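Just so it is clear, the structure is predicted and the values come from calculations on it, not from any experiment.
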2 protein chains.
Amino acid sequence: MKIAIYGYGNLGRGVESAVRQNSDTELFGVFTRRSPEKVNPVFPDTKVFSAADIVNYKNDIDVLIICGGSATDLPEMTPALAADFNVIDSFDTHADIPKHFANVDKAAKKGGKVAVISVGWDPGMFSLNRLYANAILPDGKDYTFWGKGVSQGHSDAIRRIEGILDARQYTIPVQAALDSVRAGENPELTTREKHTRLCYVVAAEDADKARIEHEIVTMPKYFSDYDTTVNFISQEELDRDHKGIPHGGFVIRTGSTGVDGGNRHVIEYSLKLDSNPEFTASVLVAFARAAYRMSHRGDCGCKTVFDIAPVDLSIKTREQVIAEML
Amino acid sequence: MKIAIYGYGNLGRGVESAVRQNSDTELFGVFTRRSPEKVNPVFPDTKVFSAADIVNYKNDIDVLIICGGSATDLPEMTPALAADFNVIDSFDTHADIPKHFANVDKAAKKGGKVAVISVGWDPGMFSLNRLYANAILPDGKDYTFWGKGVSQGHSDAIRRIEGILDARQYTIPVQAALDSVRAGENPELTTREKHTRLCYVVAAEDADKARIEHEIVTMPKYFSDYDTTVNFISQEELDRDHKGIPHGGFVIRTGSTGVDGGNRHVIEYSLKLDSNPEFTASVLVAFARAAYRMSHRGDCGCKTVFDIAPVDLSIKTREQVIAEML
């Protein structure tokens, strides 16, 4: 199965590595909107092509993994490419998924291709766990917690404040809230009660730190609804201690069964990830396998993680997974 | 969707309750090998039929949930019934699943019916999580822990010892082992290092407790490979404190990604269940929905949880799950 990467940032680099971990996948190459000669792939034998030329390779690529941003890249890229390629993306603007689905579905059906959108861990594996848990426990309550992990969007928001040279923001679930949910107490949790925000900030030498801290903790949407801690550190400390992109989280559903609803159950799925983009990339490659198989069976159109039979994700045969994993 | 229950023990009673929690399912009735008039269903309006008459109702039942034991019931029942009904079972003898699958597949294909075997939480939800995690992290290690929960098989084994009037056995995961796995230490764990066994025993008045304890802790297969604690209690205490059938467990996969495998990830799925049979029954009903839909689409043959697209488990439409859960 020949996989190509369209868009080459952290996620694309993650796919480049993940393809090598699967013996049935091979990397055709990376397509970039930059000048190909200016891109340095992780592995020296990775071929780099210009994104403008991609249609020339439509018969050479089995699945194209589109590694663009959800804000402006994917809403354009995925429908445009789905007419010529089986594609996977990680579109993660939850509210806009139905619209994106419709656009991609139209293109993929026109081209007779399979497109799987919103693949990753949230949306993706977390979505799957919400669906499974809801199907099993109709009478219950859902909770999703994120972290401890780096939020790129919040880090970017901080960096735009005057006097800040660099910054890293961590989203952290509140332990007491997690404990209460797991104990089946069905708490009603406010935004503030679920997560805290922790910021590491490198300020310019002459910057007013009190003003910076005030601007961060009162920033609407991003921080004002949370308990936020701001730590000022040096660029050296930031580079040394905070260069990773960890993330993770918890999807929990609690529910009851029985004659009088007297028996309680807790279903929990959690992820603890050293690298958010590399894990997302690994999920993308597994779903690329499924897209390839579905396309070979003559299926087409836009799919989500909900439409994919789990067996299609595995490198093993149906007989093997039944014998070894069931 | 009309569901019928075949076999009426704890699991059948769980299904009887679970069907009422789903607005798209309705209970046709219970089929029993006992005299129907001797069976008292949980809900007074539940109809009870003789198992011998079931074929007379083949056009009235959309899905039959077979609630028999894996040792002798299901290997006979499921292939026999799959020729006339869409069926679900919870066959859980892992080593014999391929053989059971082949038998059921032949019958279901002959009858043009859908049969889903080995549905529940292990096999079932735990199997799904093993498959998803393996597909995402090809370079990694799997761990499954069970408990804290009641093992019926181990409780039965104890009760066969002379001088024991009643008993209840709990399987308990070793916290240190769980912690080590979660920390990504990739431990190699022996049977003894993963679980302990805790027994509550009601002994006859004149019984030799030292002999009983020795017989339990040295019992091959069941206890000799574990650290086992035996507590002698009264029948009143057993009835008061140990009448529930809780269970649960953990499926964990740890793996690495990146250029040099330098980034580590932990995927964990866990269940904490007040009632093992009621939770299993809830999983069975969700997969009955999928069997019904697959049958309506003209599919047939034996399926496992690996073959079912998650969307088919949900009471919601595809559009709803995309908008609300993705």
Task: chain A contact residues among residues 316-326 of chain B, heavy-atom distance under 4.5 Å - done: Arg318(B), Val321(B), Ile322(B), Ala323(B), Met325(B), Leu326(B)
Task: Closest approach of Gln21(B) to Pro138(A) (non-hydrogen atoms, all atoms of both residues) - done: O-CB, 3.5 Å
Open item on the list: If you count heavy-atom pairs within less than 4.5 Å of chain A, which of Gly14(B), Ala286(B), Ser282(B), Ala95(B) leads?
Closed with: Ser282(B)
Task: chain B contacts, top residue of Pro123(A), Pro310(A), Ala309(A) (heavy-atom pairs, under 4.5 Å) - done: Pro310(A)
TODO: To the nearest 0.5 Å, tell me how far Arg264(B) CZ sits from Asp274(A) CG.
DONE: 8.0 Å
TODO: Specify which of Ala281(B), Gly124(B), Gly261(B), Ser127(B) makes the most heavy-atom pairs with chain A at under 4.5 Å.
DONE: Ser127(B)
- [ ] Counting only heavy atoms closer than 4.5 Å, note whether Ile315(A) contacts chain B via side chain, backbone, both or neither.
- [x] neither
- [ ] Against chain A, work out which of Thr304(B), Asp312(B), Leu284(B) has the most heavy-atom pairs shorter than 4.5 Å and name it.
- [x] Thr304(B)
Task: Winner by heavy-atom pair count (cut-off under 4.5 Å) against chain A, out of Asp139(B), Leu137(B), Ile97(B), Asp307(B) - done: Asp307(B)
Task: Phe43(A) versus chain B, the contacting section by heavy-atom distance below 4.5 Å - done: side chain
- [ ] Against chain A, label Val251(B) side chain, backbone, both or neither, depending on which of its atoms sit under 4.5 Å from a heavy atom there.
- [x] neither
Open item on the list: Given heavy-atom pairs under 4.5 angstrom as the criterion, report whether the side chain, backbone, both or neither of Asn134(B) touches chain A.
Closed with: side chain
Task: Under 4.5 Å from any heavy atom of chain B - which part of Phe101(A) - done: side chain
Task: Minimum heavy-atom distance Ser275(B)-Asn263(A), with the two atoms named - done: CB-ND2, 3.5 Å
Open item on the list: Heavy-atom cut-off 4.5 Å, strictly under: side chain, backbone, both or neither for Val42(B) against chain A?
Closed with: side chain
- [ ] Select one option (side chain, backbone, both, neither) describing which atoms of Asp122(B) are under 4.5 Å from chain A's heavy atoms.
- [x] side chain
TODO: Quick one: pull up OH in Tyr132(A) and OH in Tyr132(B) and give me the separation to the nearest 0.5 Å.
DONE: 3.0 Å
- [ ] Name the option with the most non-hydrogen atom pairs under 4.5 Å to chain B; the candidates are Glu16(A), His94(A), Arg182(A), Met125(A).
- [x] Met125(A)
TODO: Considering only heavy atoms and a distance below 4.5 Å, find which of Leu128(A), Asp92(A), Thr254(A), Asn22(A) pairs most often with chain B.
DONE: Leu128(A)
